[in-house]
Amino acid sequence: MSRRTHSASPPPRSPKRAKIEHLTLDSFKNGVVLAPMVRSGALPTRLFALKHGATLVWGPETVDKAILHAERVVDPVTGVVSYNGKSRAIWTTHPVEKPYLIYQIGSADPELAVQAAKTVVNDISGVDLNCGCPKPFSTHAGMGAALLTNPDLLCSILTALREAMPPHITVTAKIRLLPSQEDTLKLVERIVNTGISALTVHCRTRNMRDRDRAMIERLRQIVDFVKGMGKDIAVIENGDCLGAEDAKRVREVTGAHSVMIARAAEANPTCFSSTPLVDLDKNLIPSYLRVARHLDNHWSLTKFCISQFKGPSVNSTKAEEKRVREAVIKARSFEDVTDIVGEWTGEQDFKEIVRVIEARTSREHSEVSTETDASVDCPSASSSSSQAETEVAGEYITPEGTQNPEPPGSGAPLASEVTRDIPAVISGELPLTPTPAPALTA
């Protein structure tokens, strides 16, 4: 496919939008939010999540040094903002998601974290520090979950970010549980006192495997503890939530102000709606492909995201689903899936996403159940069946066949590249490097 010429200047001014306030402490409450996820948290996925009810979206974690020397370019046609490294796009965004976008940083250095945040500050509404990723590519450099055992460094980074960021840019943190609840509370106390606006707790310890049940019952004491500190900040639960309807159960059990969804959103970005889409081969994949192509999202990244999609079938047959999936897996470019999407009218799909997102006129969110997708005519899964699948023998389900979504970075190749290695999950070949090599070895 042909590539558009990018410009360092902003695109022509769009029609006047409804005024949206900056994020506040209340913005993190009473919501269901998208977790930071490697590759799966690509721009098209974030936009579909917002369209279908996500109250906020976290971008995939980007290591501090990876963004520092990136070149910011703007697509003059779509307005997509891309931070390009030497060989790939480090991170991409679009102005329509800015009011709801949290940029997550991987860092073990206060100065570098501040520099990274300042690099993207004009394209985001908040900055989040990843203090929970247990993967070696993060912890070996003292980032991610390694910060849990170095609270002095962790808190110094958060303090530096809060002092350096403008007042309207929120600073938050995402941690994991420590083996001891007492130690967890001590760490939470220190973190909260840095002046953060919200705290996300992944209810697993650093050494727990992805399929281990999240210990969400431990969160209520943390919520009460933060409240007892006299802080009005939100505590967000992360772990084993299957969607907007299931978030009600999670909040009831934990007392959390909001719920963050990772794997369920990776499987179906519409899970933030109380009526998520079904028959994804008909109702999501074609539209996702059109939007991804319109936004010049790299084919291999688009292909990876679609390979993770999974949802109930109501009107689709197994043969139809298989045909679509096999077509995507075999395809080497957007042109190879034309028979799935029909006419390449991604502009109209994107305009509908923008219309729904911009229809949000207030930051005041009601209950966890969100119904922002009334304009979608596609059939949806029933909330009763979703709730029934949530509990088995009194235990909370961890979705099967998934991997830890804690990310080192987007890994999105430059839009100008024509070819690129396909992720190993699809091709069986070597995967894309999550972030530029210099950032990982620093």
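Along the sequence shown, residues carry numbers from 1.
- For the 3.5 Å distance criterion, the side chains of D109 and S107 fail to qualify, holding no donor opposite an acceptor.
- Looking at residues two or more places apart in sequence or on another chain, you find no ring-ring contact (aromatic ring centres under 6.0 Å, His included) involving F225.
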Intermediate values then yes/no, side chain to side chain contact (heavy atoms under 4.5 Å, CB included), F48 and L284: CA-CA 9 Å; F48 273 91; L284 177 61; 3.8 Å; yes
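- Taking the six-membered ring wherever Trp is involved, the centroid distance between the rings of F350 and H294 falls below 6.0 Å.
- One finds no salt bridge joining R263 and E266 here, because no Lys/Arg side-chain nitrogen approaches an Asp/Glu carboxylate oxygen to under 4.0 Å.
- Remark: the R162 side chain and the S197 side chain contain no N/O donor-acceptor pair separated by less than 3.5 Å.
- Residues forming a salt bridge (charged side-chain N to carboxylate O under 4.0 Å, His left out) with D123 (at least two apart in sequence, or on another chain): R72.
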Stepwise ring-ring contact (aromatic ring centres under 6.0 Å, His included) check, W91 with Y103: CA-CA 10 Å; W91 181 63; Y103 179 81; 4.8 Å; yes
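- Shown are N238, L177, D240, I216; of these, the side-chain contact (heavy atoms from CB on, under 4.5 Å) with R204 is made only by D240.
- Under the 3.5 Å distance criterion, the side-chain polar atoms of R251 are matched with a main-chain donor or acceptor of H257.
- Among residue pairs with one or both ends in residues 180-191, those qualifying as salt bridge (charged side-chain N to carboxylate O under 4.0 Å, His left out) are D152-R190, E182-K186; sequence neighbours excluded.
- For the residue pair N84 / S82, a side-chain donor-acceptor distance below 3.5 Å is found, with atom types taken as modelled.
- D224 has no carboxylate O lying under 4.0 Å from a charged side-chain N of K227, or vice versa, which leaves the two without a salt bridge.
- A donor-acceptor distance shorter than 3.5 angstrom exists from the side chain of T149 to the backbone of A146, with no hydrogens or angles considered.
- Side-chain contact, E97 with T93: a donor N or O sits under 3.5 Å from an acceptor N or O.
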